[in-house]
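Only one structure is covered here, and it is reproduced in the block below.
Each ligand, and each atom within it, is numbered from 1 in the order the structure gives.
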Amino acid sequence: MRVIAPADRNAVRRPPGLPAPRPFRVAFAAAYALAYLVGGERRMLRLIRRYGPIMTMPILSLGNVAIVSDPELVKQVFTAAPDVLLGGEGVGPAAAIYGSRSMFVQEEPEHLRRRRLLTPALHGAALSSYVPIMENSARMATRSWPVDRPFEMLTAARSLTLDIIVKVIFGVDDPDEVRRLGQPFERLLNLGVSEQLTVRYALRRAGALRVWPQRARANRAIDAVVMPLIAQRRNDPDLTRQLDVLALLMCARGDDGEPLSDNEIRDDLITLMLAGHETTATTLAWAFDLLLHDPDALRRVQAEARSGGEEFTTAVINETLRIRPPAPFTARVAAQPFPIGGYRVDAGTRIVVHIIAINRDARMYEHPNEFRPERFLGTRPQTYAWVPFGGGIKRCLGASFSMRELITVTHVLLREGEFSAVDERPEKIVRRSIMLAPAHGTRVRFRPRETRCLPI
Ligand code: HEM
């Protein structure tokens, strides 16, 4: 039994929460889960306003969930010891797609070992070497877009970010090879953003996650392309000179001098492909949605795209991630009773960090619901009041990569042509499985800057 330390003495009450009377607990938990699925983030924000910065809510399939929405409390969550709040356990439904051996769902010390080995591939010299790939992919993407006809930026952004991540990970350039390597990952990713995942997770005790033929097929298809590639690279005398993610992972050594096994490398590749593709594509679609409805901001980003400046564009991406974070929340699971905000959260409770509520805290941001990129000029986002990438030892490992990709790609696209919004107003936020996406995928029109040679 855990003794409550003096500092915890006041922290013996459970956080306020939505009712779930004992005989009807399951019915209430199902109703709240359904209300969230239907009512989405708006409903959640209303509840947060009513119940305060920490509240509990029974949700079918997740149990009693504590929702945290205050920067000070979030700091306590993100800085808690990793054996007190479990990060891997907190991943929830997505773990079924990443797989149980992914570093994303591992606990310490294994998580940190794998994270350290992955870090150089997404930062520093490696990251700089990916910029020409990002630029070239963005330029080529516009060649296939319809001219002056509406299309969905989200769909186009998905193809573009997939193209980039495949090239960066595997060091390939041939379009057929890029397609061959990307396809099986895309299949797994599509399962990850399908409603099937949410439903199967809810029914996991009945075995709905253990037996999932489509997922098994997608994983087999990934093995069929990735494992031979790893074997081939093992015999490549130039491996140490290559800067693609696969080569860097194959050459990485831990503190004990041990390399990653082939299976660990495969799992890391899956993690990067899945974590980095949909999130970045959705943010790109949101950035265009917001920019195309704000002519002044658009002009300033266009000017930077021409001059090579990045200050305002960085502010635009920061502001996009503030009011339109693609991931609505991240979570940790309490391994033991956890005192927070004057309350005590029971062991086993999932603590959900509500990203939008924190990013729109009216005490931290003037006009919190408005798109005002200027607020980030000359100042960096605050660690616990701007959390689109989560925080602590599980903070998004691809944050620098995705910022670089979003800025680079936005500039190239704006240099390549003129964009206009199809819809008069900015898009509504809708929940698509575990992502928050623009309701109609951000419909845009595009006109290339130079006349293209049309095929005869
Ligand atoms: C705008 C784009 C992105 C957003 C908004 C985003 C958001 C997130 C969030 C919220 C988490 C959970 C953090 C936590 O629980 O504290 C996360 C984790 C992670 N992300 Fe991202 N992500 C993005 C792009 C990327 C990219 C491009 C990559 C890789 C190429 C990536 C790789 C990862 C990995 C590996 C983790 C797990 C980190 C760990 O467990 O230590 N992400 N991301």
Side-chain angles (χ1 to χ4, degrees), residues 68 74-75 77-80 82 85-92 94-95 98 102-119 121-123 126-127 130 133-134 157-158 160-162 164-169 185 189 244-245 248-249 267-287 317-318 320-333 350-356 358-359 381 383-384 386-410 434-437:
V68 170
V74 164
K75 182 177 178 184
V77 173
F78 283 154
T79 55
L85 294 189
L86 305 176
E89 191 68 26
V91 170
Y98 285 90
S102 161
M103 58 80 82
F104 199 15
V105 302
Q106 299 286 330
E107 305 297 348
E108 306 312 340
E110 180 60 9
H111 162 260
L112 217 51
R113 179 184 82 87
R114 299 275 292 278
R115 188 175 162 110
R116 284 206 188 104
L117 289 166
L118 253 178
T119 301
L122 297 174
H123 297 87
L127 179 52
Y130 306 146
I133 298 173
M134 295 168 178
R158 269 202 204 115
L160 172 55
T161 56
L162 184 66
I164 292 174
I165 197 88
V166 171
K167 287 176 176 166
V168 159
I169 284 187
F185 288 97
L189 182 84
D244 56 81
V245 174
L248 292 170
L249 285 180
D267 296 342
D268 283 348
L269 297 186
I270 295 180
T271 302
L272 295 181
M273 293 284 293
L274 299 189
H277 165 42
E278 188 75 13
T279 41
T280 314
T282 308
T283 308
L284 188 64
W286 277 125
I317 303 297
N318 286 340
T320 302
L321 285 164
R322 187 184 71 80
I323 55 170
R324 301 285 190 274
F329 45 73
T330 188
R332 308 286 185 261
V333 171
R350 180 172 296 272
I351 301 181
V352 170
V353 170
H354 199 277
I355 294 177
I356 294 201
I358 292 155
N359 286 1
T383 311
Y384 300 108
W386 183 87
V387 290
F389 292 114
I393 51 166
K394 278 193 75 71
R395 186 175 192 268
C396 174
L397 193 56
S400 308
F401 180 98
S402 57
M403 287 301 291
R404 176 51 34 226
E405 181 174 358
L406 288 161
I407 294 168
T408 303
V409 164
T410 302
I434 47 176
M435 289 282 144
L436 298 180

Counting N and O atoms only, with roles assigned by atom type, does the side chain of [X] sit under 3.5 Å from a partner on the main chain of [Y], one being a donor and the other an acceptor?
X      : Y      : answer
Trp286 : Ile323 : no
Asn359 : Leu321 : yes
Arg324 : Thr283 : no
His123 : Thr119 : yes

For [X], the ligand 1 atoms whose distance to one of its heavy atoms is below 4.0 Å:
X      : result
Ile165 : 30 (C)
Ile393 : 41 (O)
Gly390 : 10 (C), 13 (C), 14 (C), 16 (O)
Thr283 : 1 (C)
Arg332 : 14 (C), 15 (O), 16 (O)
His111 : 39 (C), 40 (O), 41 (O)
Phe401 : 27 (C)

Distance-only N or O hit between ligand 1 and Ser402, under 3.5 Å
no
Quick one: does Thr280 get an N or O within less than 3.5 Å of an N or O on ligand 1?
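There is no such contact.
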Does even one non-hydrogen atom of [X] get within less than 4.0 Å of ligand 1?
X      : result
Pro326 : yes
Glu405 : no
Gly391 : yes

Could you check if a side-chain atom of Leu269 sits within less than 4.5 angstrom of a side-chain atom of Leu249, using non-hydrogen atoms only?
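Yes, side chains in contact.
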Side chain or backbone of [X] under 4.0 Å from ligand 1, or both, or neither, by non-hydrogen atoms?
X      : result
Phe389 : both
Pro388 : backbone
Arg115 : side chain

Does either side chain, that of Ser402 or that of Thr280, offer a donor lying less than 3.5 Å from an acceptor on the other one?
no
